[in-house]
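Encoded as structure tokens, the structure appears first; notes follow it.
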There are 2 protein chains.
Amino acid sequence: MADTNICPKFEKALSILNKRWTGLIVFQLLNGSQRFCHIESEIGISGRVLSERLKDLEKEGIVKRTVYDETPVRIEYSLTEKGLALEPVLNAIQNWADNWMEQEAVN
Amino acid sequence: MADTNICPKFEKALSILNKRWTGLIVFQLLNGSQRFCHIESEIGISGRVLSERLKDLEKEGIVKRTVYDETPVRIEYSLTEKGLALEPVLNAIQNWADNWMEQEAVN
DNA sequence: TAATTAACTTACTTTATGTAAGTAAGTATA
DNA sequence: TATACTTACTTACATAAAGTAAGTTAATTA
């Protein structure tokens, strides 16, 4: 990316949020801690990309991966404080969608 | 994309906003009407993709393309009412970035 | 006349995503 | 015991999206 005049924090934030699936994953996790397969089927993402995204989001401190040492192990993903702080962003999008998106068939 | 339980308007909105560059383009146009080359150099996007995105955003009714019939012609891009309504979304992201993003080198 | 600018488009390369199958560990079912 | 199934992934390969660089058209300036 070339040099810009835009606030680097803002730009960094957008580079995370602009990635495909990130918004939906965070939105989904706002409902609470969830397992890999559950997120996968709820939002219709492929396992390959979900795995990748969750790692990215973990690295960014937005998502937390917790291993419950039962048998068999249970692994759950949840939002950190930083991740929860994205709720107003998602709400703003929801609000915009309600006011401006036409109800139409998706394809 | 597979079936989900998520509000279709919200999902549609995310499918637009989640696309690379969309956020930055809208953010840039919040400063007012601008020409192609200006947007291109300000946000560091390639002409190829900018052209594509502006067409998408126009189709979605978020951006308006105006041709001023001078010589040489001047073409300007601006936000529609629907596009301007995205300001709270960008503000929410800016706010989150200010509170949670660490200042660090962008590679 | 040559060089420059704006607004793109085209051709080609690289990166991201999708699809499908595979793996490892454990569970349930016949 | 053997077969099938579940979870949480990973791997290999195919397709789609984005980046890079050069080209186009029309007009302007040096």
Side-chain angles (χ1 to χ4, degrees), chain A residues 1-4 6 11-12 14-26 28-29 32-60 63-79 106-107, chain B residues 1-4 6 11-12 14-29 32-60 63-78 106-107:
Chain A
M1 194 182 286
D3 291 338
T4 74
I6 296 166
E11 216 175 328
K12 178 88 192 300
L14 268 187
S15 79
I16 298 167
L17 299 174
N18 255 345
K19 275 200 156 184
R20 191 163 187 190
W21 299 112
T22 303
L24 274 180
I25 293 169
V26 172
Q28 185 61 32
L29 289 177
S33 189
Q34 284 165 56
R35 304 180 71 166
F36 190 95
C37 277
H38 188 241
I39 302 169
E40 193 178 0
S41 63
E42 284 294 303
I43 69 179
I45 190 180
S46 70
R48 201 194 118 325
V49 178
L50 179 55
S51 172
E52 196 174 296
R53 277 297 175 284
L54 287 172
K55 273 176 195 156
D56 294 346
L57 290 171
E58 216 190 324
K59 205 177 299 172
E60 293 296 338
V63 161
K64 184 160 176 274
R65 181 180 190 269
T66 309
V67 180
Y68 294 93
D69 205 358
E70 312 164 346
T71 47
V73 285
R74 180 167 49 99
I75 295 166
E76 298 215 334
Y77 294 91
S78 57
L79 295 175
V106 180
N107 301 354
Chain B
M1 196 183 285
D3 292 337
T4 72
I6 296 166
E11 216 176 326
K12 178 87 194 300
L14 268 186
S15 79
I16 298 167
L17 299 174
N18 255 346
K19 275 201 155 184
R20 192 163 185 189
W21 298 112
T22 302
L24 274 180
I25 293 169
V26 171
F27 178 76
Q28 185 61 31
L29 289 176
S33 190
Q34 284 165 57
R35 306 180 71 165
F36 190 95
C37 276
H38 188 242
I39 303 169
E40 192 177 1
S41 63
E42 283 293 304
I43 69 179
I45 190 179
S46 71
R48 201 193 112 339
V49 178
L50 179 55
S51 171
E52 195 175 296
R53 277 296 174 284
L54 287 171
K55 273 175 196 155
D56 293 348
L57 291 171
E58 216 189 324
K59 205 176 303 172
E60 293 296 337
V63 160
K64 183 159 176 278
R65 181 180 189 268
T66 309
V67 180
Y68 294 93
D69 204 359
E70 311 165 345
T71 47
V73 286
R74 180 165 50 98
I75 295 167
E76 299 215 334
Y77 294 91
S78 57
V106 181
N107 298 358

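Worth knowing before you read on, the calculation uses all heavy atoms, side chains too, and leaves out hydrogens, waters and symmetry mates. We name chains A, B, ... by the order of the sequence lines, and we start the count at 1 in each one.
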Taking the side chain of A:Phe36 as heavy atoms from C-beta outward, which of D:dT20, D:dA18, D:dC9 is closest to it? D:dC9
Heavy atoms of A:Ile25 and A:Leu57 approach each other most closely as CG2-CD1, 3.9 Å
B:Arg65 side chain to B:Lys55 main-chain N or O, any donor-acceptor pair under 3.5 Å? no
Identify, between A:Val73 and B:Gly47, the residue whose nearest nucleotide on DNA chain C lies closer to the 5' end. B:Gly47
Looking at the side chain of A:Cys37, which of C:dT19, D:dT7, D:dG19 is the nearest nucleotide? D:dT7
At under 4.0 Å, does any side-chain N or O of B:Arg65 touch on OP1 or OP2 of C:dA7? no
In this structure, how many angstroms lie between the P atom of C:dA11 and the CD atom of B:Glu52, rounded? 15 Å
On DNA chain C, check which nucleotide each of A:Thr71 and A:Arg53 is closest to and give me the residue with the more 5' one. A:Arg53
Atom CZ of B:Arg35 and atom C1' of D:dA27 are separated, to the nearest Å, by 12 Å
Taken to the nearest 0.5 Å, the spacing of A:Ser33 OG from A:His38 NE2 works out to 11.0 Å
Using a distance-only criterion (donor-acceptor N/O pair, under 3.5 Å, no hydrogens), is the base of D:dA18 paired with the side chain of B:Arg48? yes
Tell me the interatomic distance from B:His38, atom NE2, to C:dA6, atom P, rounded to whole angstroms. 11 Å
Could you tell me the separation between the CG atom of B:Leu50 and the C1' atom of C:dC8, rounded to a whole number of Å? 10 Å
Does C:dC8 have OP1 or OP2 under 4.0 Å away from a side-chain N or O of B:Tyr77? yes
Would you say D:dA17 has OP1 or OP2 under 4.0 Å from some side-chain N or O of B:Trp21? no
Any donor-acceptor pair under 3.5 Å from B:Glu42 side chain to B:Gln28 backbone: no
Separation of atom CD1 in B:Ile43 from atom P in D:dG19, rounded to whole Å: 10 Å
Within the structure, does a side-chain N or O atom of A:Lys55 lie under 4.0 Å from either OP1 or OP2 of D:dT10? yes
When the distance from NZ of B:Lys19 to P of C:dA16 is rounded to whole Å, what number comes out? 16 Å
Value for CG (B:Leu54) from CD1 (B:Ile45), rounded to nearest 0.5 Å, stands at 7.5 Å
Taking only side-chain nitrogens and oxygens of B:Ser51, does any of them come within less than 4.0 Å of OP1 or OP2 of C:dC8? no
In whole angstroms, the gap separating P of C:dA16 from CD1 of A:Ile45 amounts to 15 Å
What closest approach, in Å, do A:Glu40 and A:Gly47 show between heavy atoms, and which atom pair accounts for it? OE2-N, 3.3 Å
Choosing from D:dA27, C:dC8, D:dA8, which nucleotide comes nearest the side chain of B:Pro72? D:dA27
Look at all strands and tell whether A:Ser46 reaches a base, only sugar-phosphate, or nothing, counting heavy atoms closer than 4.0 Å. base
Could you tell me whether the phosphate oxygens of C:dT5, OP1 or OP2, come under 4.0 Å of any side-chain nitrogen or oxygen in B:Arg74? no
Rounded interatomic separation in angstrom, taking CZ from A:Arg20 and C1' from D:dT15: 12 Å
